[in-house]
Chemist: 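This is the structure, below, for whatever I ask next.
When a residue number appears, it is its place in the shown sequence, counting from 1.
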Amino acid sequence: MRVEIWSDIACPWCYIGKARFEKGLAGFAHRDQVEVVHRSFELDPGRAKGDTAQVIDMLAQKYGRTREEARSMEANVAANAHAEGLGYRTEGRDHGNTFDIHRLLHLAKARGRQDELLTLAYRANFAEERSVFDAEVLIELALEAGLDGDEARAVLADPEAYAAEVRADEQEASELGANAVPFFVLDRRYGISGGQPAEVFAQALEQAWKDRPPTAIGSDGAACDADGACEVPQAGTQG
């Protein structure tokens, strides 16, 4: 069975949703027969490469909030992350264009190291003092994921390397009607939108395995939409 996950490194609910999905998968009896494929989705494709902003400032500007209100929004997301055992920094993170990260993730996919790089990139972006919008940090992450450093550097130096693959993923997301991430597709039969609780993923895996008719499961989970807006539930609630 194949599970495809459209996500973006800049999306906190993708980070949280990945952890929740993996908890649901861990309890699935046929987990060893599940192929997980991560696909590209950019929340801010119009932002120029190298144009970064602090997340607090970006949220305040985007939603017309004060910096204190933006900090409160981030604190609520952090509470959800911490509930899943994830690190989450509410200060000092930056936001930018993620196209290069997605291109590097396609290299990692070709080398069988996609999940490793994605996990490291999420951790760097949300939990550590490392900017994933810095090319040298991306090279470090590629090495940690088991990729060849020279090959990773060559990909980043060539703007066309794996660009078509990223665009193809994004086009497919559009054709599937995915306008927010994370977006999970199980065997092209079941769709799950948002960072749902682990129990929802467990149920969906069971249903997909039994090959039930196509249906939508859990369509109202917290997510980040195509213009970069991320839903923020109250602290302690799940998306």
Chemist: With distance as the sole criterion, is a donor-acceptor pair present between the side chains of Thr52 and His95 under 3.5 Å?
Modeler: no
Chemist: Could Asp100 and Arg103 be called an ion pair, given the rule that one side-chain N must be under 4.0 Å from one carboxylate O?
Modeler: yes
Chemist: To check you understand the geometry: which heavy-atom pair defines the closest contact between Pro12 and Val77, and what is its length?
Modeler: CB-CG1, 3.7 Å
Chemist: Would you call Glu129-Arg123 a salt bridge at under 4.0 Å N-O?
Modeler: no
Chemist: State, to 0.1 Å, how close Gly194 and Ala223 come at their nearest heavy-atom pair, and which atoms those are.
Modeler: CA-CB, 4.0 Å
Chemist: Would Asn80 and Tyr88 count as a side-chain contact (heavy atoms from CB on, under 4.5 Å) if you check the C-alpha gap in whole Å, the side-chain angles of each, and the deciding distance to 0.1 Å?
Modeler: CA-CA 9 Å; Asn80 280 266; Tyr88 195 97; over 6 Å; no
Chemist: Mind listing the closest non-hydrogen atom pair of Gly149 and Ile139 along with its distance?
Modeler: O-CD1, 4.2 Å
Chemist: Could you tell me whether a side-chain N or O of Tyr162 sits under 3.5 Å from a main-chain N or O of Val155, the two making a donor and an acceptor?
Modeler: no
Chemist: Under 6.0 Å from the CD atom of Glu69, do we count more than 12 heavy atoms belonging to anything else shown?
Modeler: yes
Chemist: Between Leu43 and Thr98, is any pair of side-chain heavy atoms under 4.5 Å apart?
Modeler: no
Chemist: Quick check: do Ile192 and Val185 have side-chain heavy atoms less than 4.5 Å from each other?
Modeler: no
Chemist: Any chance you could measure Glu140, atom CD, to Glu136, atom CD, to the nearest 0.5 Å?
Modeler: 7.0 Å
Chemist: Any side-chain to backbone donor/acceptor pair from Asp134 onto Arg130? Under 3.5 Å, distance only.
Modeler: no
Chemist: Is the shortest side-chain N to carboxylate O distance from Lys23 to Glu199 below 4.0 Å?
Modeler: no
Chemist: Do the side chain of Glu128 and the main chain of Asn125 share a donor and acceptor less than 3.5 angstrom apart?
Modeler: no
Chemist: Taking all heavy atoms of Glu84 and all of Ala19, pick out the closest pair and write down the distance.
Modeler: CB-CB, 4.4 Å
Chemist: Does Asp44 offer a backbone N or O that forms a donor-acceptor pair with the side chain of Arg47 under 3.5 Å?
Modeler: no
Chemist: Take His82 and Leu86, measure what side-chain contact (heavy atoms from CB on, under 4.5 Å) needs, and give me the verdict at the end.
Modeler: CA-CA 5 Å; His82 295 159; Leu86 300 172; 5.9 Å; no
Chemist: Measuring from atom CZ of Phe41 to atom SG of Cys14, what distance do you get when rounded to the nearest 0.5 angstrom?
Modeler: 8.5 Å
Chemist: Between Phe201 and Phe184, does the ring centroid distance fall short of 6.0 Å?
Modeler: yes
Chemist: So Val36 and Val34, do their side chains get closer than 4.5 Å, heavy atoms only?
Modeler: yes
Chemist: Would you mind reporting whether Val132 and Tyr122 have side-chain heavy atoms less than 4.5 Å apart?
Modeler: no
Chemist: Kindly compute the distance separating SG (Cys224) from CG (Asn179), expressed to the nearest 0.5 Å.
Modeler: 12.0 Å
Chemist: Any side-chain to backbone donor/acceptor pair from Asn97 onto Ala48? Under 3.5 Å, distance only.
Modeler: no
Chemist: Any salt bridge linking Lys109 with Glu4? Criterion: basic side-chain nitrogen under 4.0 Å from a carboxylate oxygen.
Modeler: no
Chemist: I'd like to know if Val166 and Leu117 are part of one continuous hydrophobic network [Ile/Leu/Val/Met/Phe/Trp/Tyr, side-chain heavy atoms within less than 4.5 Å].
Modeler: no
Chemist: Going by heavy atoms in the side chains, are Leu141 and Val137 under 4.5 Å from each other?
Modeler: yes
Chemist: Do Val55 and Asp94 make a side-chain contact, defined as non-hydrogen atoms from C-beta onward lying under 4.5 Å apart?
Modeler: no
Chemist: Considering non-hydrogen atoms only, spot the tightest contact between Thr90 and Ala78 and give its length.
Modeler: CG2-CB, 3.7 Å
Chemist: Keeping the roles fixed (side chain from Arg39, backbone from Ile5), state whether a donor-acceptor pair exists under 3.5 Å.
Modeler: no
Chemist: Which word best sums up how the rings of Phe126 and Tyr15 line up, parallel for under 30°, tilted for 30 to 60°, or perpendicular for over 60°?
Modeler: parallel
Chemist: Using 0.5 Å steps for rounding, measure from the CZ atom of Phe21 to the CZ atom of Phe28.
Modeler: 9.5 Å
Chemist: So, does Asp187 use its side chain to make a donor-acceptor pair with the main chain of Arg2 at under 3.5 Å?
Modeler: yes
Chemist: Inspect the contact between Arg71 and Glu74 and indicate whether a charged nitrogen and a carboxylate oxygen are less than 4.0 angstrom apart.
Modeler: no
Chemist: Does Asp8 use its side chain to pair, donor to acceptor, with the backbone of Cys11 at less than 3.5 Å?
Modeler: no
Chemist: First locate atom CZ of Phe99, then atom OG of Ser40, and finally report the distance between them rounded to the nearest 0.5 Å.
Modeler: 8.5 Å
Chemist: Checking Arg65 against Met73 for the side-chain contact (heavy atoms from CB on, under 4.5 Å) test, could you report, in this order, the C-alpha distance in whole Å, the side-chain angles of both residues, the deciding distance, and whether it holds?
Modeler: CA-CA 10 Å; Arg65 304 291 184 88; Met73 293 168 65; 3.7 Å; yes
Chemist: Output yes when Glu22 and Lys18 qualify as a salt bridge under the 4.0 Å nitrogen-oxygen rule, no when they do not.
Modeler: yes
Chemist: Give the cluster check for Leu143 versus Phe133: same hydrophobic cluster or not, with ILVMFWY residues linked at side-chain heavy-atom distances below 4.5 Å.
Modeler: yes
Chemist: To the nearest 0.5 Å, what is the distance between CG (Leu105) and CD (Glu165)?
Modeler: 12.5 Å
Chemist: For the pair Gln114 (side chain) and His38 (backbone), establish whether a donor and an acceptor sit closer than 3.5 Å, ignoring hydrogens and angles.
Modeler: yes
Chemist: Under 3.5 Å, is there a donor-acceptor pair between the His102 and Asp169 side chains?
Modeler: no
Chemist: Kindly give the heavy-atom pair with the smallest separation between Ile9 and Ala121, and that separation in Å.
Modeler: CD1-CB, 3.6 Å
Chemist: Would you mind reporting whether Glu170 and Glu42 have side-chain heavy atoms less than 4.5 Å apart?
Modeler: yes
Chemist: Less than 4.5 Å apart, side chain to side chain, heavy atoms only: is that true for Met58 and Ile56?
Modeler: no
Chemist: In terms of side-chain geometry, is the basic nitrogen of Arg111 or Glu116 positioned less than 4.0 Å from the acidic oxygen of its partner?
Modeler: no
